[in-house]
Amino acid sequence: MSLNLGPIHADQPVILAPMSGVTDAPFRHLARRFGAPLLASEMFASKMLQFNGGKNQKRSINFADEHPLIVQLVGGDPEVMADAAKISVDAGAAVIDINMGCPAKKIAKAGGGAILMQDEEKAVEIVDHVVRAVDIPVTVKMRLGWDENNLNAARLARKCVDMGACLITVHGRTRSQLYSGNANWNAIREVVDAVDVPVIANGDIVDLATAQHAMKVSGAQGVMIGRAACGQPWLVGHIADGLRCGQQPPPPSLMEQYAILEEHIELLMSEYGNHLGLVTSRKHIAWALRGMKGAATCREQVFATENLLEMKQLLNTFYQDNIHFSQSAA
Ligand SMILES: Cc1cc2nc3c(=O)[nH]c(=O)nc-3n(C[C@H](O)[C@H](O)[C@H](O)COP(=O)(O)O)c2cc1C
């Protein structure tokens, strides 16, 4: 059960979803180490990339060490998207993914994201421009449609494939649903039937069982995992392991989870500097602590401190307490 995207070969069809503010380089580093077969960057606004890619760039983008990386672009101007794709290729992107699913109003104002599902002509023009601008695989991520009365994913996917898109990911919700209700994996089958390239099912996949079920009912060739990986950078790799061997490995021990979280914080510090690194690490800590004894109190204390050492000491005590608690409960 593999996935081929041009020259890129993944031995299992499991992809870490693009998540703005989450799947940055530190998170991807951990997810890859735990065996995620394919990873997507956060979305990059094509205009920003075009500007930053020029001579005055403050912080250069560089994906060379992350090969193969899917770099996602969002925007509504075909030429700007094509330029941003070229800049991404120069920076080491292995695949360009075009975002047609983001529901954010700010993104829609610039003509990008899910609003493209309402303007198929523009959507197709973007795919055409990007495919002609680069010589790496181009993929598209979309929703089922704008709302339940406009379920055009199958038709739009077909048009994108005709323009050269070589994989389609479908989040099984409409734009109007945002994240409410359940992802409709059945509805993704219409897209699978409409195109002759791999389709990836996305939405509410949290473990091996849901991954297998989503593929079965949709007919999709693979799955993309988003929110369930927050606080669990090992999850995408573990689901891939599960598909490979028939059984999902158990999560790391609490001791290991603590070490992973510490490493994540260190990576965030070196990526963003002390202040932003500390602030950014808070949401990852909150996700990591979910469901554990005393999580709410620990979260409050961690969020209140600006001191890295104190933050680490709070986490150390919290994890030690939870380890003792789980040992005495066993
Ligand atoms: C915090 C957050 C940020 C996201 N950012 C992006 C993004 O940059 N590009 C994108 O295509 N989708 C983005 N998404 C949507 C996810 O990629 C995914 O389609 C969605 O969360 C459904 O999958 P899940 O149920 O596995 O989370 C984001 C979702 C979340 C929760």
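Indexing begins at 1, ligand by ligand and atom by atom, following the structure's order.
- Using a 4.0 Å cut-off between heavy atoms, R173 makes no contact with ligand 1 at all.
- Nearest to atom 17 (O) of ligand 1 among the protein's heavy atoms is P18 O, 2.8 Å.
- The protein heavy-atom contact nearest to atom 1 (C) of ligand 1 is S20 O, 3.9 Å.
- One distance of note links CG of L3 with CD1 of I15; it measures 5.5 Å at 0.5 Å rounding.
- Short contacts between ligand 1 and D204, defined as distances under 4.0 Å to a heavy atom of the residue, involve ligand atoms 24 (P), 25 (O), 26 (O).
- Within the set M43, M100, M19, K141, the minimum heavy-atom distance to atom 12 (N) of ligand 1 is found for K141.
- Using cut-offs of 30° and 60° on the angle between ring planes, the pair H284 and W287 is perpendicular.
- In terms of protein heavy-atom proximity, atom 31 (C) of ligand 1 is nearest to R227 CG, 3.5 Å.
- Nearest non-hydrogen protein atom to atom 29 (C) of ligand 1 is Y179 OH, 3.2 Å.
- For atom 26 (O) of ligand 1, the nearest protein heavy atom (residue, atom name, distance) is G226 N, 2.8 Å.
- When only non-hydrogen protein atoms are considered, atom 19 (O) of ligand 1 lies nearest to N202 OD1, 2.5 Å.
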For residues 157-168, dump all side-chain donor-acceptor pairs below 3.5 Å to protein atoms at least two apart in sequence or in another chain.
| residue | atom | partner | partner atom | Å |
| --- | --- | --- | --- | --- |
| R158 | NH1 | A194 | O | 3.1 |
| K159 | NZ | E120 | OE1 | 2.6 |

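- At the top of the distance list for atom 9 (N) of ligand 1, counting protein heavy atoms only, stands Q72 OE1, 2.7 Å.
- Residues F318 and F325 place their aromatic rings such that the two centres sit no closer than 6.0 Å.
- In terms of modelled atom types and a separation under 3.5 Å, the side chain of N202 and the main chain of M224 share a donor-acceptor contact.
- Using a 4.0 Å cutoff on heavy atoms, G203 counts as a contact of ligand 1.
- Formation of a donor-acceptor pair under 3.5 Å by the S41 side chain with backbone atoms of Q72 is found in this model.
- Relative to the six-membered ring of F34, R28 misses at least one condition, a distance below 6.0 Å or an angle of at most 45° to the axis.
- Distances below 4.0 Å separate heavy atoms of A17 from the following atoms of ligand 1: 17 (O).
- A donor-acceptor contact closer than 3.5 angstrom is absent between the side chains of Y258 and N322.
- Of all the heavy atoms in H9 and S2, the pair that sits closest is CE1-CB, 3.5 Å.
- Shown in contact with N99 at under 4.0 Å from a heavy atom are these atoms of ligand 1, numbered in order with element: 9 (N), 10 (C), 11 (O).
- Geometrically, ligand 1 and E42 share no nitrogen or oxygen pair separated by less than 3.5 Å.
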